[in-house]
Amino acid sequence: MNYMHKSIEEIHDALKKGEVTSEELVKESLQNAHEVQDKYNAFVTIIDAAQGGEVNDYLLSGIPYAAKDLYSTSGVLTTGSSNTLRDYVPFFDATAIVNLHKNGAIDIGKTVCDEFGMGAYGNTGHTGSVLNPWDPTRSCRGSSAGSACAVASGVVPYALGTDTGDSIRHPAAYCGIVGYKPTYGMISRFGVLPYASSLDHCGVLTRSVKDAAIVVDAMKGIDPKDMTSWDSSKIHLYESITGNVKDKKLCYIKELCDINNYKNPSEELKKHLKNFHDVLEKIKSLGIIIREESIEKYLLDAISSVYNVIAYSEATSNLSNMTGIVFGPRSEGKTYTEMMKNFRTKNFSPLIKRRFIIGSYVLQKENKERYFINAQKARRLIVNRWNELFAKYDAVILPVGTGPAKYLDMSKNISDESLIPLEEHLQVGNFGGFPSITIPDGFIDELPVGLNITGKCYDDENVLNIAYAIENILGYQNQIAKEVK
Amino acid sequence: MKKQTVVIGIEMHCELKSNSKVFSTAKNGYSVIPNENIQALDMAFPGTMPMVNMKCVRDALKMSMILNCKQPEYMYFDRKNYYYPDLPKGYQITQSTCPVGVHGSIEIICDGKPVKVDIADIHLEEDTASLDHLDNMSLLDYNRCGVPLLELVTEPCLHSADEVMAFLEHIRSIYQYCDISDADTKKGQIRCDINVSIMDEDSKELGTKVEVKGVDFSGVRGTIEAEIKRQIALKEAGRYDEVEQETRRWDEETQSTIRMRSKVDAIDYKYFIEPNIPKFRITKRLLDDIRQEIPVLAYERRQKYLNEYHLDEENTNIIIKDIKMANYFEECIKIGLDVKTTANWLNGIITSYLYREDITINDFYLKPEYLKQIIDAMNEGAISSKQAKEIFSKSLEERKEPKNYISNDNKQVSDEKVIEDIIDNILSQNEDNIRAYQNGKTNMFDFFVGQVMKETKGKANPIITKELLHKKIDK
């Protein structure tokens, strides 16, 4: 019996009934972790010393989970998948981890991500690329690649992720699972290695909407150590899932979803968008009203640049503490500048360095107005436009990306600038701090694809409830990856 | 050469008083043990985030109001990005977009004349760690890292070292009065960046600005005087083009300023709004609440003491230095004590007692009403000034109210009949001396007073004695 393939509710019931012990679950999970590590390189650290815990009324008690290696774990190596922190063992837990442990959750491993959460393919971590469990020649997408892989391949029922652009929600689609990032500040970011503070969100990867609700219920809460966190004690995600969605209103964006907007579309894209529209028809049968909306092309075209400017600027500042002086393997040098320079030159990957340079460039006095300030303004315009939609609709529903998982060998992937808005639109969820969830919505050439539902801030209960109803009608919950080739 | 006008602008950094640091819960306090008052945030451990200390925000707003600045609608912070080993985060959290105060002004007194000082802005920020450079290594102490700082920036509106010192003292006094900072210059709690330039007296164009950075309070006067001298000397020698827009530092040993770097190499700090501190509204209610906490400041008290109390300048200046002293003084006046007498007691015997015991006036046993018991008894003639001092000491020593020591035993003889009898007796035996006095030997008067005192063992009321004597021998 592979309990780690079940839903949290099922595992909890089995624990309660005494069918299995927490100790046995941990053992099973660790064994799965090692197998998956050998095959797909999902973990930086597998906590072999992990032990079973008490089982009580908390749904997560005694159940194993994994955390992206950006979450500080007291006494456990936390690298951010970066050489700069390859030996770093924090002496404190991230607040989200503290909250999970209060619920009795058991950490069995730290998953690989793109270095400090920066990267789209799960291939910039210092321990190597994460392979997609559906097709190991393909990417899990970044940056929460290891977490998505671990959940999709049944190592754990859930794994923590972080999402600055789409780092939870895009890997979820590539791996055929659920990825949810709640409203900005619902989960404290204290102790989570930052990438871009105004865009960073904590969240979770699971195999069902209900599981996502259960986990975030346990992770969330106002935290004096994170001033951007807020009191969500009146929000009960799990309890508010009813499946009753009659007369809910959704919209999709014509410019992104209409195949006629793309010149020379690939077969893959055609299938992806057709699948999406087929799924919309099914959703309508739930009594949900779906309308097409139009968004100005210049706003959609701006999304990706706005993201790059803001995220890279904040990143260059956030990661200025990586000097090797206080923590990390210190570099040699005759002066402090040399020490810092050597440390950073040697230990950061080329992708991160490129982002730092762009970030510094756009913040320079002579460029700031043109790039950084304008990006802030564009961010505001885009968020306002989405809020206009939320005034009329419960949520926006869109396909995730341009199709299934891309190849890790980039030369095999089609690159087409006109696809960028469709590829990157989930970043809007970060601009506005909106609650946003990806669920699987079918297969293209046997590989999973996903759709995303994004609602207005603080409306997480509504968003999850809609996602739950749609998940039910599509029937892809609790799916475990199986290699297709 | 034409007469030169000196133009000075000051950036005054002052460490604030608070239990914890401005963005972390570590203790804000001086410690001889390095790296004792630190939290993960102070060393910029990954994932740590700032938590704003509201006491510091209130104090910053208070100072903004005192300096007649405009307060912003929202409070938020910026990051100032640069690499230096004493700055573990790689950025300092400060305020540049929207400081707690802008466009203020305050009147100070310099050489007895009022001077208006324009304030460009005042902002709240965090201090850096301290570095100790040894021969072959540098040591880092993060105790100071994150200590709250208020930086006050004046317009280039000061014109001499005297004005700058008067300004700094004035601001120091406000910090101390409001208990915002100890502003302890010995602990290095005040540091200044000084911008100095010179120009022809009749010119409207400012000269080349030279910045002297990180000057300790004790070095401010020297810095300004040396820098003016240097710039004028170069101008006189026709080499004013050698005065460069640059950053210099003060060298205590040689009493001169030394070049650090050109302004051309100035760092671009790449400021942007700190995303981890959500902006929050500064309500009118909050400001009103803070305004109520502002005490009457030294400057206003000074006017009052001089104009209403008619106290002399010297005593006034001593009393207003310390708010506790001034409060004590005012309490005394309120319960009816004489201004001059109180000032004399306060600046004399009381100050030396406090100094000897190393306590403040707040811990002084003799509250104003106790002091009044002594002074009243003296005025009533019940005790002599010598006895008053004895009672003062005894009362402090035994911690008992002074009235316990004012008995009838050592009471002054104030009964006119008794004194008159004694005087008559003395006069009858000194007819020659009376004549000598009446013939112009006026110092003979003291002889008679002395005789009365001798007869009464010093207890005769000197005022009554003198009055009676005058009546009897002034013919």
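Everything quoted here is computed from the prediction, not taken from an experiment. For the numbers below, each heavy atom of this structure counts, side chains included, while hydrogens, waters and symmetry mates do not. Letters go in sequence order (proteins before strands), and every chain restarts at 1.
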Practice task
Report the C-alpha separation of A/I325 and B/L140 in whole Å, then their side-chain angles, then the decisive distance to 0.1 Å, and conclude whether the side-chain contact (heavy atoms from CB on, under 4.5 Å) test is met.
Solution key: CA-CA 10 Å; A/I325 291 178; B/L140 277 157; 3.9 Å; yes
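Applying the 6.0 Å contact sphere to CG of B/N19 captures no more than 12 heavy atoms from other residues, nucleotides or ligands. The environment of NZ in A/K365 is sparse: at most 12 heavy-atom neighbours from other residues, nucleotides or ligands sit within 6.0 Å. More than 12 non-hydrogen atoms from other residues, nucleotides or ligands lie less than 6.0 angstrom from NZ of B/K55. For A/E332, the CD atom is loosely surrounded, since the number of other residues' heavy atoms within 6.0 Å does not exceed 12. Applying the 6.0 Å contact sphere to CZ of B/R259 captures more than 12 heavy atoms from other residues, nucleotides or ligands. Annotation for A/Y361: atom OH does not count as buried by contact number, only 12 or fewer foreign heavy atoms lying within 6.0 Å. Annotation: A/K368, atom NZ; neighbour count of heavy atoms from other residues, nucleotides and ligands within 6.0 Å is above 12.
In this structure, B/N276 and A/S197 approach most closely via the heavy-atom pair OD1-CB, 3.2 Å. Counting all heavy atoms, side chain and backbone alike, A/F92 lies closest to B/P46 at CZ-O, 3.7 Å. In terms of heavy atoms, B/K270 sits closest to A/S360 at CE-O, 3.4 Å.
Here the CE-CZ distance, from B/M43 to A/F327, works out to 8.5 Å after rounding to the nearest 0.5 Å. Between the OG1 atom of B/T25 and the NZ atom of A/K225 there is a distance of 8.0 Å, given to the nearest 0.5 Å. Once rounded to the nearest 0.5 Å, the distance linking CD of B/E274 with OG of A/S317 reads 7.5 Å. A/R189 contributes atom CZ, which lies 11.5 Å from atom OG1 of B/T48 (distance to the nearest 0.5 angstrom). The CD atom of A/Q376 sits 9.0 Å away from atom CZ of B/F272, with the distance rounded to the nearest 0.5 Å.
A/L363 is not listed as a side-chain neighbour of B/Y271, based on a closest heavy-atom distance of 4.5 Å or more. Residues B/F45 and A/P90 fail the side-chain proximity criterion, which asks for heavy atoms closer than 4.5 Å.
Proximity to chain B is limited to the side chain of A/M322, based on heavy atoms less than 4.5 angstrom apart. With a threshold of 4.5 angstrom between heavy atoms, B/D268 approaches chain A through side-chain atoms but not through N, CA, C or O. Both the backbone and the side chain of A/N318 have a heavy atom closer than 4.5 Å to some heavy atom of chain B. For a residue to count as touching a neighbouring chain, one of its non-hydrogen atoms must lie under 4.5 Å from one of that chain's; by this rule A/S188 does not touch chain B. With a threshold of 4.5 angstrom between heavy atoms, A/S72 approaches chain B through side-chain atoms but not through N, CA, C or O. With a 4.5 Å cut-off on non-hydrogen atoms, A/L85 touches chain B through its side chain but not through its backbone. For chain B, no part of A/Y195 is nearby; none of its heavy atoms comes within less than 4.5 Å.
Put simply, of A/G80, A/G191, A/G185, A/S198, the one with the most heavy-atom pairs under 4.5 Å next to chain B is A/G191. The choice from B/V52, B/L41, B/I273 that makes the most heavy-atom pairs within less than 4.5 Å of chain A is B/V52.
Residues of residues 71-101 of chain B lying under 4.5 angstrom from chain A, judged on non-hydrogen atoms, are B/R79, B/N81, B/Y83, B/Y84, B/P85, B/P88, B/K89, B/G90, B/Y91 in numerical order.
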